[in-house]
Amino acid sequence: MAVADAFILCWKCKFTYNNERPYTYVRYAIDPSWKPFWPAPPFPGFPSGHATQAGAVCEVLTNLFGDNFAFTDDSYEGRANDPLTGTAFKSRSFASFKDFAVECANSRFYGGIHTHQDNDEGMKNGVLVGKNVNALKFKK
């Protein structure tokens, strides 16, 4: 529920504010041939969908499992190295869901397709969505 609501909020914001992505600005103002590390999607950058989703999921999972729930994501264990860079895929360990959410958001910044503003506001909005889901009263 949190993921679905966060997507709806994120996409409404993207097309309400229609902010450009960093690569668009860099190509216009600095270097027309510059390419981001990852291919950037052809839709507005603000807010970051990854940050919005991560914030919502973090809030709900933290509510369920606590602030310091350590875990390891080994989804890519055994996968062949990246064919373009030769980089190995490794397990990632996190001390909390918050640590995971921050890394998820930052990955988009380091990839050159989001600004800190995209991530910060996306994360805040996602956390609010998660809080709303946590406040719902479910019947067992």
Side-chain angles (χ1 to χ4, degrees):
M1 190 179 301
V3 170
D5 285 356
F7 264 124
I8 292 166
L9 174 63
C10 177
W11 280 86
K12 180 175 178 160
C13 290
K14 282 184 180 293
F15 288 97
T16 296
Y17 301 108
N18 204 27
N19 283 21
E20 67 184 332
R21 291 182 179 273
Y23 81 93
T24 308
Y25 179 79
V26 170
R27 285 181 183 166
Y28 171 77
I30 301 169
D31 180 359
S33 65
W34 185 79
K35 292 183 181 177
F37 181 72
W38 285 314
F43 47 80
F46 178 84
S48 162
H50 280 71
T52 307
Q53 299 308 302
V57 169
C58 166
E59 191 64 27
V60 171
L61 292 177
T62 298
N63 185 60
L64 290 170
F65 298 105
D67 285 326
N68 298 309
F69 187 89
F71 66 99
T72 298
D73 175 6
D74 57 5
S75 301
Y76 294 109
E77 196 166 301
R79 182 177 175 180
N81 289 2
D82 180 89
L84 295 176
T85 64
T87 303
F89 293 95
K90 297 181 180 180
S91 297
R92 302 285 307 134
S93 294
F94 303 94
S96 67
F97 294 112
K98 172 102 180 183
D99 287 350
F100 160 77
V102 169
E103 184 170 299
C104 179
N106 284 340
S107 74
R108 316 315 282 174
F109 173 77
Y110 296 134
I113 61 173
H114 279 297
T115 64
H116 283 300
Q117 171 185 287
D118 299 344
N119 288 343
D120 293 346
E121 293 304 314
M123 188 77 73
K124 284 183 206 172
N125 285 334
V127 167
L128 291 175
V129 168
K131 286 181 184 212
N132 286 337
V133 170
N134 288 340
L136 296 172
K137 304 298 179 208
F138 295 98
K139 292 181 182 180
K140 290 188 178 189

F89 atom CZ, neighbour heavy-atom count above 12 within 6.0 Å
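More than 12 within 6.0 Å, yes.
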Determine whether more than 12 heavy atoms belonging to other residues, nucleotides or ligands lie under 6.0 Å from atom CZ of F43.
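Result for CZ/F43: enclosed.
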Give, for atom [atom1] of [X] and atom [atom2] of [Y], the distance between the pair rounded to the nearest 0.5 Å.
{"X": "D67", "Y": "K98", "atom1": "CG", "atom2": "NZ", "answer": "10.0 Å"}
{"X": "F97", "Y": "L61", "atom1": "CZ", "atom2": "CG", "answer": "4.5 Å"}
{"X": "D5", "Y": "N132", "atom1": "CG", "atom2": "CG", "answer": "8.0 Å"}
{"X": "W34", "Y": "T24", "atom1": "CH2", "atom2": "OG1", "answer": "9.5 Å"}
{"X": "K90", "Y": "E77", "atom1": "NZ", "atom2": "CD", "answer": "12.0 Å"}
{"X": "H114", "Y": "N119", "atom1": "NE2", "atom2": "CG", "answer": "6.5 Å"}

Joint hydrophobic cluster, [X] plus [Y], side-chain heavy atoms closer than 4.5 Å:
{"X": "Y23", "Y": "Y25", "result": "no"}
{"X": "V60", "Y": "M123", "result": "no"}
{"X": "F69", "Y": "V57", "result": "yes"}
{"X": "I8", "Y": "M1", "result": "no"}
{"X": "I30", "Y": "Y28", "result": "no"}

So which heavy atom on [X] is nearest to which on [Y], and how close?
{"X": "G55", "Y": "A101", "answer": "N-CB, 4.5 Å"}
{"X": "A2", "Y": "V129", "answer": "O-CG1, 3.6 Å"}
{"X": "I113", "Y": "A40", "answer": "CG2-CB, 3.5 Å"}
{"X": "A51", "Y": "S48", "answer": "N-OG, 3.0 Å"}
{"X": "T52", "Y": "A6", "answer": "CG2-O, 3.6 Å"}

Does R21 make a cation-pi contact with F46 (under 6.0 Å, within 45 degrees of the axis)?
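So R21 doesn't make the cation-pi contact.
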Step by step, would you call V133 with E59 a side chain to side chain contact (heavy atoms under 4.5 Å, CB included)?
CA-CA 9 Å; V133 170; E59 191 64 27; over 6 Å; no
Please tell me if the side chains of P44 and E20 come closer than 4.5 Å, counting only heavy atoms from C-beta onward.
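No, side chains not in contact.
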Given the rule in the side chain to side chain contact (heavy atoms under 4.5 Å, CB included) test, do Y17 and K12 qualify, once you have shown the distances and angles that lead to the verdict?
CA-CA 9 Å; Y17 301 108; K12 180 175 178 160; over 6 Å; no
Is the side chain of N81 donor-acceptor paired with the backbone N or O of G86 at a distance under 3.5 Å, no angle test?
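Answer holds: yes.
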Under 6.0 Å between ring centres: does that hold for W11 and F15?
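W11 vs F15: aromatic centres under 6.0 Å.
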What pairs with D99 under side-chain contact (heavy atoms from CB on, under 4.5 Å), at least two apart in sequence or on another chain?
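With neighbours one apart ignored, the set is F94, A95, S96.
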Would D74 and T72 count as having a side-chain donor-acceptor pair, cut-off 3.5 Å?
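Side chains of D74 and T72: no pair found under 3.5 Å.
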